[in-house]
Peer 1: 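Have a look at the structure that comes next, please.
None of the values given here were measured: they were computed from a predicted structure.
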Amino acid sequence: MRRWIGFAPLVVLVGLGVLFAGYALKHDPHVQPHALVGKPVPAVSLPDLDSGAMVAVRDAPAGPRLINFFASWCAPCRVEAPQLMALKARGVILVGVAYKDEPARTQAFLAELGDPFAVKLMDRNGRAGIEFGVTGVPETFLVGADGVILAKHSGPLTDADVQDMLAKLH
């Protein structure tokens, strides 16, 4: 029994090492999920899903809008789809950015669940996602008429999330 007591400090030390290593691996102190709030939309251009023409995200279209990063392979994006269609029905302008997705899969996804987007852009390599600080899809950015990001939401939008974001326009 006395022999095991001698190992107790070592066991505690290893346990603390595992605990802190697990936290350090999952926590990046440099990630600031809302770092772009209060700043202009990043100056990136992406190809339009339908035409392939390059479109500046900050100009597509002008005025207040929501920019939604989504993907056909994203289960939470399927959950969010009805909420986006409801926003379109209310006259909210939505810009969709297909994140790390294939154009044919994106088109099939929108054909199946409905297309709420006024503009559909492709971010096949995720470069625009990096500029926006996207950590996963879906993520939605509220952009004011002046092109400044007013809010960011990570995860599927709920009605309460939408009300909260749109209230920031006034």
Side-chain angles (χ1 to χ4, degrees), residues 22-50 53-101 103 106 109-110 113-170:
Y23 174 77
L25 290 174
K26 293 179 184 173
H27 177 73
D28 182 353
H30 302 292
V31 172
Q32 297 178 348
H34 300 283
L36 287 184
V37 173
K39 296 184 176 150
V41 171
V44 295
S45 293
L46 294 170
D48 182 83
L49 175 65
D50 298 323
M54 294 303 285
V55 177
V57 178
R58 67 171 35 164
D59 300 330
R65 63 203 175 275
L66 292 174
I67 299 174
N68 178 260
F69 283 78
F70 73 101
S72 65
W73 46 262
C74 163
C77 296
R78 289 183 170 277
V79 171
E80 178 181 67
Q83 188 64 254
L84 296 178
M85 292 301 290
L87 283 167
K88 178 183 179 181
R90 290 174 53 186
V92 175
I93 296 174
L94 292 139
V95 175
V97 179
Y99 181 72
K100 294 186 177 181
D101 210 352
T106 300
F109 177 83
L110 295 173
L113 298 173
D115 181 359
F117 302 116
V119 177
K120 299 175 289 285
L121 305 173
M122 296 298 301
D123 185 17
R124 291 185 70 181
N125 63 8
R127 193 79 193 140
I130 291 170
E131 294 293 325
F132 274 82
V134 171
T135 57
V137 288
E139 286 193 11
T140 306
F141 297 83
L142 173 66
V143 179
D146 58 358
V148 171
I149 296 173
L150 302 175
K152 174 184 177 182
H153 178 78
S154 298
L157 289 170
T158 65
D159 191 49
D161 299 326
V162 168
Q163 297 307 322
D164 183 47
M165 286 184 89
L166 294 181
K168 292 176 181 173
L169 281 175
H170 305 294

Peer 1: For a side chain to side chain contact (heavy atoms under 4.5 Å, CB included) check, start with the C-alpha distance between Phe141 and Val134, then their side-chain angles and the critical distance, and finish with the verdict.
Peer 2: CA-CA 10 Å; Phe141 297 83; Val134 171; 4.2 Å; yes
Peer 1: Output yes when a side-chain donor or acceptor of Glu139 lies under 3.5 Å from a complementary backbone atom of Thr135, and no otherwise.
Peer 2: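 Yes, because the side chain of Glu139 sits within donor-acceptor range (under 3.5 Å) of the backbone of Thr135.
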Peer 1: State the CG-CG distance between Asp115 and Leu110, to the nearest 0.5 angstrom.
Peer 2: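 Asp115 CG to Leu110 CG: 4.5 Å, rounded to 0.5 Å.
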Peer 1: Does the pair Val37 and Val148 meet the rule for a side chain to side chain contact (heavy atoms under 4.5 Å, CB included), with working shown?
Peer 2: CA-CA 8 Å; Val37 173; Val148 171; over 6 Å; no
Peer 1: Would you compute the distance between atom SG of Cys77 and atom CZ of Phe109 and round it to the nearest 0.5 angstrom?
Peer 2: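 Reported to 0.5 Å precision, the distance equals 5.5 Å.
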Peer 1: Quick check: do Leu157 and Leu87 have side-chain heavy atoms less than 4.5 Å from each other?
Peer 2: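 The answer is yes; the side chains approach within 4.5 Å.
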Peer 1: Please find the pair of heavy atoms, one from Pro61 and one from Val119, that lie closest to each other, and give the distance.
Peer 2: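 The pair with the smallest heavy-atom distance is CD-CG2, 3.9 Å.
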Peer 1: Over all heavy atoms of both residues, which pair between Gly144 and Leu169 is shortest? Give the atoms and the distance, please.
Peer 2: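 Between these two residues, the closest heavy atoms are CA-CD2, 4.3 Å.
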Peer 1: Taking the side chain from Arg65 and the backbone from Val143, do they hold a donor-acceptor pair closer than 3.5 Å?
Peer 2: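 Looks like no, no N/O pair under 3.5 Å.
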Peer 1: Do Leu46 and Val57 have side chains that get closer than 4.5 Å, going by heavy atoms?
Peer 2: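 Answer yes - side chains close enough.
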Peer 1: Mark yes or no for whether Asp161, through its side chain, and Met165, through its backbone, hold a donor-acceptor pair below 3.5 Å.
Peer 2: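 Such a contact is absent between Asp161 side chain and Met165 backbone.
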Peer 1: Closer than 3.5 angstrom, by distance alone: can the side chain of Glu131 be matched with the main-chain N or O of Pro42 as a donor-acceptor pair?
Peer 2: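 It does not hold such a pair.
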Peer 1: Drop me the distance from Leu66's CG to Leu94's CG, to the nearest 0.5 angstrom.
Peer 2: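 If I round to the nearest 0.5 Å, the distance is 5.0 Å.
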Peer 1: Could you tell me which non-hydrogen atom of Lys168 sits nearest to which non-hydrogen atom of Ala151, and how far apart they are?
Peer 2: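 Scanning both residues, the minimum pair turns out to be CD-CB, 3.7 Å.
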Peer 1: Can you name the closest pair of heavy atoms from Pro116 and Lys88 and give their distance?
Peer 2: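 Looking at all heavy atoms of both residues, the shortest contact is CA-CD, 3.5 Å.
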Peer 1: What distance separates Asn68 CG from Thr140 OG1, expressed to the nearest 0.5 Å?
Peer 2: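 One finds 4.0 Å between CG of Asn68 and OG1 of Thr140.
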Peer 1: May I ask you to check whether Phe69 and Phe132 place their ring centers less than 6.0 Å from one another?
Peer 2: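 Centroid separation for Phe69 and Phe132: below 6.0 Å.
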Peer 1: Could you tell me whether Asp123 and Lys100 make a salt bridge, using a distance below 4.0 angstrom between a side-chain N and a carboxylate O?
Peer 2: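 Looking at Asp123 and Lys100, the cut-off is not met.
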Peer 1: If you round to the nearest 0.5 Å, how far is CG of Asp159 from CG of Asp164?
Peer 2: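 Atom-to-atom, Asp164:CG and Asp159:CG are 11.5 Å apart.
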Peer 1: Looking only at heavy atoms, what is the nearest atom pair of Thr106 and Ala98, with distance?
Peer 2: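 Closest approach of Thr106 to Ala98, heavy atoms only: OG1-CB, 3.5 Å.
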Peer 1: Counting N and O atoms only, with roles assigned by atom type, does the side chain of Asp101 sit under 3.5 Å from a partner on the main chain of Ser72, one being a donor and the other an acceptor?
Peer 2: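 Indeed, once roles are kept as given, a pair shorter than 3.5 Å links the two residues.
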Peer 1: Does any N or O in the side chain of Arg90 come within less than 3.5 Å of the main-chain N or O of Ala86, such that one atom is a donor and the other an acceptor?
Peer 2: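 Not confirmed, Arg90 side chain does not pair with Ala86 backbone.
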Peer 1: First locate atom CD1 of Ile67, then atom CZ of Phe117, and finally report the distance between them rounded to the nearest 0.5 Å.
Peer 2: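 The CD1 atom of Ile67 sits 11.0 Å away from the CZ atom of Phe117.
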Peer 1: Specify the closest pair of heavy atoms between Ile149 and Pro40, including all atoms of both residues, with the distance to one decimal.
Peer 2: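 Answer, listing the atom of Ile149 first, then Pro40: CD1-O, 4.4 Å.
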Peer 1: Do any N or O atoms from the side chain of Lys152 and from the backbone of Gly133 form a donor-acceptor pair under 3.5 angstrom?
Peer 2: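 Yes.
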Peer 1: Before accepting this row, confirm whether a basic side-chain N of the pair Lys120/Asp50 lies closer than 4.0 Å to the acidic partner's carboxylate O.
Peer 2: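 Salt bridge present between Lys120 and Asp50.
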